[in-house]
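Only one structure is covered here, and it is reproduced in the block below.
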Amino acid sequence: MQNPYLPIPAVVKKALVETSDRMLRTLELRFLNEEDAQAFSFVPGQFCELSLLGKGEAPFGIASSPTERGSLKFTINKAGVVTTALHHLEEGTEVGIRGPLGNGYPMDLFKGKNVLVIGGGFAFTTLRSLIAYFLHPENRNRVKDITVVYGARTPGLLLYKEELAEWGKRSDIKLVVTVDQGDKDWKGKVGLVPNVLEEAAPSSENTYAVICGPPVMIKFTFPKLMALRFPNERIYTSLEKRMKCGIGKCGRCNIGHLYVCKDGPVFSYAQLEKLPKDY
Ligand SMILES: Cc1cc2nc3c(=O)[nH]c(=O)nc-3n(C[C@H](O)[C@H](O)[C@H](O)COP(=O)(O)OP(=O)(O)OC[C@H]3O[C@@H](n4cnc5c(N)ncnc54)[C@H](O)[C@@H]3O)c2cc1C
Ligand code: FES
C-alpha cells in the first residue's frame with residue numbers, strides 16, 4: 001500500500017482567475033505519471049491536500065467532476081501562506097496531491113431522486129463537481145430533476161461563469177443564479193439565497209438537498225428547507241474544519257467522536273444534530 005502521507009506529483013496545466021476581486025483562482029492540475037492518473041478515482045464532494053515545497057499543505061474540495069478525465073480542478077481562495085503561494089503558480093509548476101480524501105456526497109442515495117443544490121460564494125466548488133457529474137450524458141438519468149440555486153455577493157464574484165451560462169440554456173436543469181447586489185450589466189436575479197429559495201419553493205418530495213456556503217447563508221437557508229418540509233436525513237452539507245493529516249490520524253479535525261476528514265466532510269443534518277451542542 002502506498003504511504004498515505006506521500007503526495008502524488010502533478011503539474012499546473014492551466015490557471016484561471018475566476019472573480020473580479022482576483023481572490024479566487026482555479027488551478028487545473030495534471031498528474032505527472034499516467035499510472036497515477038489512471039489510479040486516481042473519486043466521487044464529488046471529496047477533497048485533496050495540495051502541497052508546495054517550502055510552503056506547506058492545505059485541503060481543497062475537488063471542483064472537477066470524475067467525468068472530466070485527464071486533470072483535476074481546484075478553486076482556491078487566497079487566505080494565507082499556502083493559498084497565496086498557490087495563487088502565484090505558473091503553468092508547468094510542480095504541485096503535490098494527496099487524495100482523494102473524505103467521503104464525498106452520498107451518490108447512491110441520490111439515485112432516482114430529485115436533487116436540489118444550494119450554493120453560496122466559493123463553497124460552490126464541490127457542488128460544481130456534483131452538478132457536472134449528473135449533467136454528463138452517462139449520468140443524467142441517475143437522478144430526476146436537478147434544481148440549482150447559486151448566489152454570490154456581486155456578479156463579479158460568481159464562479160464558473162461560462163458554465164453557468166451553458167447550464168442556463170439546458171432544459172434538463174433548473175438553474176437560478178442570484179446576486180446580493182447587481183451592477184449595470186446584471187440582468188439576472190437580485191436577492192439573498194434563502195429568499196430566492198423560498199420564492200422558487202422546490203418540492204421536497206422525493207428530493208435530496210445539498211447545501212454549501214458561508215455559515216450565515218446556511219443559518220438562514222436551513223429554516224426555509226424546514227418550511228419546505230425537507231427532513232434532516234435528506235439535507236446534506238460539507239463541513240470545513242482545520243485539518244492536518246486528512247486521514248483520521250492527527251485528531252486535528254474531530255467534532256465529538258467524528259473526524260471531519262475521514263467520516264466527512266459531507267454529513268447529513270440528521271448526523272450533525274447528534275454532535276455536541278457547541279459546534
Ligand atoms: C475539506 C475542506 C475543503 C476545502 N475546500 C476549499 C476549496 O475548495 N477552496 C478554498 O479556497 N478553500 C478550501 N478550504 C479551506 C482551505 O483549506 C483553507 O483556506 C486553507 O487551508 C488556508 O491555508 P493557508 O496556508 O493559505 O492559510 P493560513 O496561512 O494557514 O491561514 C490564513 C487564515 O485562514 C484561516 N484558515 C486557515 N485554514 C482554515 C480553515 N480550514 N477554515 C477556516 N479558516 C481557515 C486562518 O485562521 C487564518 O486566518 C477547504 C477546507 C477543508 C477542510
Ligand atoms: S485532519 Fe488529522 S484527524 Fe482529521
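Below, all heavy atoms of this structure are taken into account, side chains as well, without hydrogens, waters or symmetry copies. For ligands, and for the atoms within them, numbers begin at 1 and follow the listed sequence.
- Among the atoms of Cys245, an N, O or S atom falls under 2.8 Å of atom 2 (Fe) of ligand 2.
- Of the N or O atoms in Leu239, none lie within a sub-3.5 Å distance of an N or O in ligand 1.
- Taking each of Thr83, Ile76, Asn77 in turn, the one with a heavy atom nearest to atom 26 (O) of ligand 1 proves to be Thr83.
- For atom 19 (O) of ligand 1, the closest non-hydrogen atom of the protein is Ala79 CB, 4.0 Å.
- For ligand 1, the polar-atom distance check finds an N/O of Gly61 within less than 3.5 Å of one of the ligand's N/O atoms.
- Across all non-hydrogen atoms, the minimal contact from Glu138 to Arg142 is O-NE, 4.3 Å.
- Here the heavy atom of the protein found nearest to atom 12 (N) of ligand 1 is Phe60 CD2, 3.7 Å.
- Val81 N, 3.0 Å is the protein heavy atom nearest to atom 29 (O) of ligand 1.
- Nearest approach of Thr75 to Ala63, heavy atoms of both residues: OG1-CB, 4.1 Å.
- Atom 27 (O) of ligand 1 has as its closest protein heavy atom Gly80 CA, 3.4 Å.
- With distances taken over non-hydrogen atoms, the option nearest atom 2 (C) of ligand 1 out of Glu240, Arg242, Gln46 is Glu240.
- Evaluated by nearest non-hydrogen atom to atom 16 (C) of ligand 1, the leading choice among Gly264, Ala58, Cys48, Pro59 is Pro59.
- When each atom of ligand 2 is checked for a heavy atom of Cys261 under 4.0 Å away, the hits are 1 (S), 3 (S), 4 (Fe).
- Of all atoms in ligand 1, numbered sequentially from 1 with element shown, those under 4.0 Å from a heavy atom of Lys241 are 41 (N), 53 (C).
- In this structure, Glu57 CD and Leu52 CG are separated by 10.0 Å, a value rounded to the nearest 0.5 Å.
- Using cut-offs of 30° and 60° on the angle between ring planes, the pair Tyr236 and Phe110 is perpendicular.
- Close approach of ligand 1 to Met243 is summarised as follows: ligand atoms under 4.0 Å from at least one heavy atom of the residue are 1 (C), 53 (C).
- When non-hydrogen atoms are compared, ligand 2 lies under 4.0 Å from the backbone of Lys249 (N, CA, C, O) but not from its side chain.
- If you look at Tyr208 and Tyr105, their ring centroids are not closer than 6.0 Å.
- Atom 4 (Fe) of ligand 2 has an N, O or S atom of Cys253 inside 2.8 Å of it.
- No option in Leu116, Val210, Leu225 other than Leu225 meets the side-chain contact (heavy atoms from CB on, under 4.5 Å) test with Ile235.
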Problem - Working for side chain to side chain donor-acceptor pair (under 3.5 Å), residues Thr26 and Tyr160 - result: CA-CA 9 Å; Thr26 295; Tyr160 318 128; 4.8 Å; no
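- In terms of heavy-atom proximity, Cys250 sits nearest to Lys244 at SG-CB, 3.6 Å.
- Here Leu50 contributes atom CG and Ile62 contributes atom CD1; the two are 9.0 Å apart, rounded to the nearest 0.5 Å.
- The shortest non-hydrogen separation linking Gln46 to Pro100 is OE1-CB, 3.6 Å.
- In summary, the atoms of ligand 2 found under 4.0 Å from a heavy atom of Gly248, numbered by their order in the structure, are 3 (S).
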Practice task
Go through the steps to decide whether Phe230 and Tyr269 satisfy the test ring pair (Phe, Tyr, Trp, His ring centres under 6.0 Å), and finish with yes or no.
Solution key: CA-CA 10 Å; Phe230 277 85; Tyr269 269 78; over 10 Å; no
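- Less than 4.0 angstrom separates some heavy atom of Lys244 from each of these atoms of ligand 2: 1 (S).
- The shortest non-hydrogen separation linking Gly61 to Phe74 is O-CD2, 3.4 Å.
- A side-chain donor-acceptor contact under 3.5 Å links Thr178 to the backbone of Gly191.
- Neither the backbone nor the side chain of Phe74 comes within 4.0 Å of ligand 1, counting heavy atoms alone.
- Of the heavy atoms in Lys78, none comes closer than 4.0 Å to ligand 1.
- With a 4.0 Å cut-off on non-hydrogen atoms, Val82 touches ligand 1 through its backbone as well as its side chain.
- Using a 4.0 Å cut-off to heavy atoms of Cys250, the atoms of ligand 2 that qualify are 1 (S), 2 (Fe), 3 (S).
- Within a 4.0 Å radius of atom 32 (C) of ligand 1, the protein contributes one or more non-hydrogen atoms.
- Contacts of Thr126 with ligand 1, taken as heavy-atom pairs under 4.0 Å, are absent altogether.
- Val11 and Gly92 get closest at one heavy-atom pair: CG1-O, 3.7 Å.
- For atom 8 (O) of ligand 1, a protein heavy-atom neighbour is present inside the 4.0 Å cut-off.
- Nearest protein neighbour of atom 3 (S) of ligand 2, counting heavy atoms only, is Gly251 N, 3.2 Å.
- At least one protein heavy atom sits closer than 4.0 Å to atom 50 (C) of ligand 1.
- Interatomic distance, Ser203 OG to Asn114 CG, rounded to the nearest 0.5 Å: 7.0 Å.
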